> 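The structure that follows is given in the form of structure tokens.
We name chains A, B, ... by the order of the sequence lines, and we start the count at 1 in each one. In this text, all values refer to a predicted model and were calculated from it rather than measured experimentally.
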Amino acid sequence: MSSTSQKHRNFVAEPMGDKPVTDLAGVGEVLGKRLIAAGFDKAYVVLGQFLVLKKNQELFQEWMKDTCQANAKQSLDCYTCLSDWCEEFL
Amino acid sequence: MVDVANMSDAELRTKLLEFGFPVMPITGTTRKVMEKKLKILMENKNKVNNEGRRSLTRYSSEEESDVDVKIKKDKKRATMAAPPTRVTLRKTTRKTENDNEINMGRPIISEEKRTTRTTKVTTVESGFDTGSDSESEIIERSFKSPVNNHDIKKAPSPVSSSSYVETIRKYSPPKFAEDVISKPVSTTYSPRSTAYSSNASDYASDRLNQIRSRLSLGSPSYDRPLYSTTTSSMSSKSIITTEKDEDHVETPFLSNFTKRLSQLSSNSRLDDYKNEDYKIKEHDTNGSGGVEIRSYMTRPYRSNFQRDYQSAKQANSKNNLVSFAVIALAFLFFIVIAIAYMGLHSGQTAVDSIGASDLKVNYCDKSAAYKPGVNCIHLSQLRDAVRVYEIIKSELLKHAIDHRCLSSGIKPYMTEQDILHHINKHPTDFIDIHKSLRDMELLTLTNPQWETALVKINNDKMSGTPIRDFNELYDARGTAEIALTILDPSLPWSCSIYNKIAAIIQTAVILAVGFTAVYSLNRGYKYYKHYQQKQKDELFYMVERIIDTLQTNATEDGDNFLVINHVRDMILPINDRARMEQTWKRAIYFINKNESRVRTELQVVQGEPYEVWRWLGSPNLNTSGSRNKSWQGQAFETQVGSVNSLPCSPTPCLKIRGMVDDGDRNLHTIREAVLSKCAHQCRILHCAVDTNSKCVYLKCADQNDAAIAYRSLHGWWYAGNLVTVKYLRLERYLQRYPDSPVSGPPYLKALQPATDWSS
């Protein structure tokens with residue numbers, strides 16, 4: 001997919017390690033702040049939520065919307081990012 | 001309505017399960033989402049019932065009404081949480097056999113196998129799809145994949161499908177013809193209301209499973225089970241078709257009615273399936289129009305497909321015929337070519353078989369011209385001669401092939417000795433084998449189609465000269481050994497390929513060697529040129545410096561001469577003297593020959609005769625021009641942070657003032673002076689002296705280099721003048737010197753080893 005952002009590619013390129021939540025595609029400073037406020041301070045915590053929701057796109061996007069008021073684009077970016085990462089490393 | 005917020009996690013889970021939602025962990029973080037989901041599911045169920053109208057106008061189906069009725073009838077079962085689909089299915093199949101009229105032509109028997117297989121998958125799928133807003137999208141997506149299957153599948157089974165259509169046609173009025181064709185896809189004919197209530201729920205769930213299995217799997221069995229007619233479904237069809245007419249007539253009214261009924265029905269799992277049906281089943285109540293919409297294809301394909309369905313089937317067979325014919329033709333073509341090719345080869349080998357008919361023989365008769373054993377053969381001995389040939393033929397061929405394929409050390413021919421030896425190995429009954437052999441040799445001469453040649457073995461034992469007529473043969477018999485060989489044997493594939501490859505490699509090697517030679521020659525030439533240029537540059541530089549030195553030392557009065565060796569010692573540093581010996585000698589030669597202002601003479605210096613150079617030119621030049629063209633020290637500080645140097649360089653280009661005087665000849669010297677001053681510290685791309693503006697222009701690799709050059713040049717004394725440097729915009733520089741290199745290497749270096757000026 002050529003339409004992925006640089007952020008997406010960066011994230012998917014390597015194991016996430018201790019990356020902050022803002023490294024996820026679609027999660028900027030504002031969303032990152034909200035997510036951290038909700039306790040999701042690292043990318044792997046979001047990954048955990050993503051996995052708990054069984055990689056279900058709809059539910060994950062819904063959850064993103066709930067936790068940090070992400071819009072559809074942001075949450076979709078985040079979802080794609082995580083699911084691509086999972087495909088690569090899980 | 002249940003209060004979702006107050007449910008425990010377990011209740012929530014069960015509830016979701018009831019809606020066919022997959023089991024998912026309900027945790028602190030997911031609970032909210034799950035609650036929402038459940039609410040949506042519940043709302044959606046109601047919404048579909050209440051607002052069904054709107055969506056029904058778009059997606060309405062006679063199917064769902066069907067389902068609803070049955071659900072109503074079978075409410076008890078429907079309220080069960082996560083009903084065991086498998087069981088239902090089994091039941092259904094059992095029933096199908098009994099109640100064919102209920103199944104209404106859906107070949108459930110064939111379908112059933114598939115459904116049971118896929119039950120698990122479908123429930124999961126349905127869970128995601130159910131009742132959500134995105135459901136139609138999801139379903140559509142799942143539609144997409146089957147589209148291909150659908151198209152492809154159609155073609156291979158035109159016979160069964162068309163026969164099916166025909167059977168139905170017989171019974172149904174033409175009005176429903178199109179409808180009927182699509183029936184196998186849509187799998188339903190009409191809503192049957194209460195009449196079939198007892199079996200209805202089974203039927204419904206079965207139907208749903210069918211649909212879902214199709215959707216979720218995108219199985220290629222889209223039409224297969226529908227068209228492939230097992231005997232039982234065949235029989236059912238005949239019943240259906242009779243029934244169908246009346247069913248269809250009442251369809252619109254009934255479906256409306258049942259829809260209304262379905263709104264009242266509540267709280268059942270099947271409702272959700274039904275929701276799905278709303279979206280999936282676009283089979284509208286109004287007859288054929290709806291049929292078009294409801295197909296498994298994506299929208300753009302739908303109408304086309306349905307309309308052209310019938311004609312497409314006929315066209316399909318026609319198209320198939322044409323394409324098959326084309327393929328067959330292509331095959332034929334290649335086969336013919338292959339045969340022709342084989343024929344070419346076998347044509348050559350076919351000659352080997354000796355037909356006595358096409359044998360050319362010089363028979364001996366009484367005339368004196370014929371001498372038996374020399375140029376003619378007795379008829380009685382012909383047979384033996386041919387037999388000899390037949391025996392040795394294969395051996396000859398083997399020799400020839402081995403010579404070419406295995407190793408060239410094997411002799412390609414058989415001498416008479418070899419032949420006799422070979423023949424003796426076989427049990428033969430030749431009367432006079434020598435005579436027969438000779439006769440055979442004669443025959444090979446007269447029969448070129450044998451492709452066997454007689455050769456006279458040369459002294460090196462490996463080659464021979466061919467013998468062409470009887471006289472030669474006769475002469476050769478006395479003097480040398482005669483041998484037989486096959487000059488042009490047809491080689492086996494592997495061998496000929498090997499030979500070809502060997503030849504190719506050989507050619508490639510030769511070519512490579514050739515190219516390498518050309519390339520190295522080219523390189524050598526270039527290097528030589530470069531070397532020559534360098535030598536020349538060094539020479540001219542040397543000469544200039546000699547003249548400079550002489551000029552500088554010349555005075556108005558007194559002896560304007562310098563000992564040659566002294567000049568050398570002045571110019572060349574100690575460590576370079578040995579290396580520059582050649583250049584120096586050439587410089588001396590050059591000056592003696594080409595410099596008119598310098599005269600070489602012998603002078604006694606300090607009691608010893610020396611060869612000296614006397615400067616004859618005007619000493620005026622001395623003072624004005626090149627009086628000590630060199631750096632003479634720093635006038636002011638230009639280190640970092642000082643007032644005179646910019647904090648960072650804005651451009652890579654510099655303009656140096658104060659180095660070029662009026663009528664200065666030695667531009668080269670100035671350039672060298674600049675380079676020797678800064679080239680060892682920074683990378684300089686281009687340096688040019690302009691006499692018009694009396695400036696030196698310097699272009700460095702980048703800003704940092706320019707800054708270094710700036711610092712090492714600005715504020716220095718050069719030949720009595722203060723040198724000032726300014727930065728020059730790159731555009732201006734390029735205007736002036738458009739040909740200056742844009743990037744390096746090569747970078748300019750000073751010929752003279754840089755002097756350390758920092759001290």
> Would you find more than 12 non-hydrogen atoms of other residues, nucleotides or ligands less than 6.0 Å from A:Gln6 atom CD?
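Enclosed.
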> Check this for me: does any side-chain nitrogen of one of B:Lys37 and A:Glu62 sit under 4.0 Å from a carboxylate oxygen of the other?
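No.
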> Heavy-atom distance under 4.5 Å between the side chains of A:Leu53 and B:Met34, does that happen here?
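Yes, close enough: below the 4.5 Å cut-off.
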> Once rounded to the nearest 0.5 Å, what's the spacing between atom OG1 of B:Thr29 and atom CG of A:Asp66?
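Atom-to-atom, B:Thr29:OG1 and A:Asp66:CG are 11.0 Å apart.
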> Is the number of heavy atoms from other residues, nucleotides or ligands within 6.0 Å of NZ (A:Lys19) greater than 12?
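Yes, because the 6.0 Å sphere around NZ of A:Lys19 holds more than 12 heavy atoms from other groups.
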> Is it the case that atom NZ in A:Lys7 sees more than 12 heavy atoms from other parts of the structure closer than 6.0 Å?
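More than 12 heavy atoms, drawn from other residues, nucleotides or ligands, come within 6.0 Å of this atom.
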> Heavy-atom cut-off 4.5 Å, strictly under: side chain, backbone, both or neither for A:Phe40 against chain B?
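Only the side chain of A:Phe40 comes within 4.5 Å of chain B.
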> Could you give the distance from CG (A:Leu59) to OG1 (B:Thr30), rounded to the nearest 0.5 Å?
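Between A:Leu59 CG and B:Thr30 OG1, I get 9.0 Å after rounding to 0.5 Å.
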